[in-house]
Amino acid sequence: MHSLRLASSAHSQSLFTMSAASASLALPSPLSSFRSNGPLPSRCFLRLNNPSRSRVFMSVSVESQTVVDDALFADYKPTSAFLFPGQGAQAVGMGKEAQAVPAAAELYKKANNILGFDLLDLCINGPKEKLDSTVISQPAIYVTSIAAVELLRARDGGPQIIDSVDVTCGLSLGEYTALAFAGAFSFEDGLKLVKLRGEAMQEAADAAKSAMVSIIGLDSEKVQQLCDAANQEVDLADKVQIANYLCPGNYAVSGGLKGVQAVEAKAKSFKARLTVRLAVAGAFHTSFMDPAVSRLEAALAATQIRTPRIPVISNVDVQPHADPETIKKILARQVTSPVQWETTVKTLLTKGLKKSYELGPGKVIAGIVKRMDKSAEIENIGA
């Protein structure tokens with residue numbers, strides 16, 4: 001029997017007021033994550049992050065609306081993390097390894113029914129140009145990353161590793177994968193959101209000439225100065241900004257095509273080592289994506305989102321959110337907000353993270369973590 005203990009922090013104390021007679025406890029199986037599509041109890045429910053660290057999470061139903069303390073995870077102490085990649089990690093051949101594990105292979109079959117095309121064939125055989133498109137790459141990375149979790153589950157000691165994870169996050173698109181792993185929504189609902197997100201972002205990109213470029217070898221302050229200098233030479237419609245704070249020495253700039261070209265032209269004079277035009281549809285994580293927001297908001301409003309069973313760190317504000325309505329708002333903001341990945345990794349390491357796993361295609365995240373802390377322990381789990 002696991003002992004049950006209510007958190008004694010002030011915010012947990014103020015979270016709800018209910019009589020003992022009206023409280024109902026239910027115990028879902030630990031780490032059911034994306035395998036469970038059923039709703040969690042709306043009044044008072046218990047989740048086990050880890051059998052050795054039981055915790056009771058409370059919410060109270062008020063006039064049929066569930067009120068959740070959004071700061072529930074504010075004092076999280078990370079020890080083991082799952083990190084999920086974002087767009088750009090895709091590569092022809094991904095998903096092939098997953099076919100050896102039935103639970104992983106089944107995810108692609110489910111995906112085909114939702115997407116309306118053969119995702120696995122595109123993942124394994126390409127062509128690269130099609131796989132690189134936003135509408136294909138985002139679902140492909142989402143499915144392959146969750147398939148990687150199933151590959152890990154199938155190996156010796158895998159269930160114990162999954163059981164030990166007490167925090168998760170993902171790079172841009174990867175935040176959806178992290179939320180699915182944490183049980184905030186089902187695999188299927190997450191894939192529907194990712195499909196719509198990719199389509200909406202592609203449409204927004206098609207509406208204006210925009211681009212993204214990676215600036216290598218400068219700190220964030222210098223990159224901001226570079227953006228400021230470029231913006232002096234272009235009209236308002238072509239302005240640029242830092243869109244992705246990846247890690248020291250690697251920042252992505254998004255904006256109008258003329259603004260991005262100005263950044264590339266001036267980069268050497270700012271002592272940048274290299275600029276790399278990114279193979280994406282347009283200026284992600286800027287106001288250029290505004291047209292995608294309303295579509296995403298509508299889809300999120302229609303999606304059942306639950307309190308995650310473990311903290312999921314937001315790309316927008318580097319905080320773990322517990323309230324489903326807040327999570328919906330944050331995800332809608334995410335497509336137009338800079339990705340704060342550098343601060344996310346730094347925060348996890350500062351808080352004492354001991355081991356992390358990158359699940360899905362590519363090794364971009366492992367490279368970032370190692371760049372920020374050479375002694376950091378991170379393992380790649382591909383599919």
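What you see is a predicted model; the values in this text were computed from it and never measured. Values below: all heavy atoms of this structure, side chains included; hydrogens, waters and symmetry mates excluded.
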Looking at [X], I'd like to know if its [atom1] atom is crowded, meaning that more than 12 non-hydrogen atoms belonging to other residues, nucleotides or ligands lie closer than 6.0 Å.
X    : atom1 : result
Q160 : CD    : yes
K370 : NZ    : yes
K128 : NZ    : no

Notebook entry, point to check: Taking only residues two or more places apart in sequence, or in another chain, which ones meet F288 in a ring-ring contact (aromatic ring centres under 6.0 Å, His included)?
Noted result: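 F288 satisfies ring-ring contact (aromatic ring centres under 6.0 Å, His included) with no residue once adjacent residues are dropped.
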Check: Who are the ring-ring contact (aromatic ring centres under 6.0 Å, His included) partners of F82, not counting sequence neighbours?
Finding: F181, Y357
What's the shortest heavy-atom distance between [X] and [Y], and which atoms?
X    : Y    : result
A322 : D70  : N-OD1, 3.0 Å
K130 : L122 : CD-CD2, 3.7 Å
T134 : A281 : OG1-CB, 3.5 Å
M212 : S254 : CG-OG, 2.8 Å
G95  : L120 : O-CD1, 3.9 Å
P78  : L348 : CG-O, 3.9 Å

Hey, could you give me the [atom1]/[atom2] distance between [X] and [Y], rounded to the nearest 0.5 Å?
X    : Y    : atom1 : atom2 : value
I242 : T286 : CD1   : OG1   : 13.0 Å
Q261 : K266 : CD    : NZ    : 13.5 Å
L119 : N113 : CG    : CG    : 11.5 Å
L152 : I381 : CG    : CD1   : 5.0 Å
D163 : R153 : CG    : CZ    : 9.5 Å
K222 : Y251 : NZ    : OH    : 13.5 Å

Next item on the list: Tell me, with the steps shown, if L171 and N244 meet side chain to side chain contact (heavy atoms under 4.5 Å, CB included).
Entry: CA-CA 9 Å; L171 183 57; N244 199 330; 4.2 Å; yes
Whether the side chain of [X] engages the backbone of [Y] through a donor-acceptor N/O pair (distance < 3.5 Å, no angle test) should be reported.
X    : Y    : answer
Q90  : G88  : yes
T144 : I141 : no
S210 : A283 : yes
K329 : E297 : no
N231 : C227 : yes
K77  : D75  : yes
E342 : L246 : no
D118 : D121 : yes
H285 : Q334 : yes
D166 : T79  : yes

Would you say [X] and [Y] make side-chain contact, with heavy atoms under 4.5 Å?
X    : Y    : value
Q340 : D317 : no
P324 : T307 : yes
M372 : I368 : yes
T275 : S214 : no
I305 : K328 : yes
V318 : I313 : yes
E264 : V213 : yes
E379 : E358 : no

Check: What do the steps show when you test C169 against L83 for side chain to side chain contact (heavy atoms under 4.5 Å, CB included), and what is the final call?
Finding: CA-CA 5 Å; C169 52; L83 311 177; 3.4 Å; yes
Item checked: Test salt bridge (charged side-chain N to carboxylate O under 4.0 Å, His left out) applied to E233 and K258, step by step -> CA-CA 9 Å; E233 297 187 357; K258 289 181 180 178; over 6 Å; no
Checklist line | K209: partners by side chain to side chain contact (heavy atoms under 4.5 Å, CB included), with sequence neighbours left out | finding: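 Result, side chain to side chain contact (heavy atoms under 4.5 Å, CB included) vs K209: L257.
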Decide whether [X] and [Y] are clustered together by the hydrophobic rule: side chain heavy atoms of Ile, Leu, Val, Met, Phe, Trp, Tyr closer than 4.5 Å, transitively.
X    : Y    : value
V316 : F84  : no
L349 : V364 : yes
L353 : V369 : yes
V263 : V280 : no
F117 : V143 : yes

NZ/NE/NH1/NH2 to OD/OE distance under 4.0 Å, [X] and [Y]:
X    : Y    : result
K110 : E188 : yes
E377 : K354 : no
E199 : K195 : yes
R295 : E203 : yes

Checklist line | Side-chain donor-acceptor contact under 3.5 Å, Y108 with Q99 | finding: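 Result is no, nothing qualifies.
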Next item on the list: Establish, from distance only, whether the side-chain atoms of D228 and Q232 form a donor-acceptor pair under 3.5 Å.
Entry: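 No, no side-chain donor-acceptor contact under 3.5 Å.
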Check: Between N315 and S172, is a side chain to side chain contact (heavy atoms under 4.5 Å, CB included) present by the stated rule, with each step listed?
Finding: CA-CA 7 Å; N315 283 193; S172 189; 4.1 Å; yes
Next item on the list: Could you check L331 against L179 for side chain to side chain contact (heavy atoms under 4.5 Å, CB included), going step by step and ending with a plain yes or no?
Entry: CA-CA 11 Å; L331 288 177; L179 285 162; 3.8 Å; yes
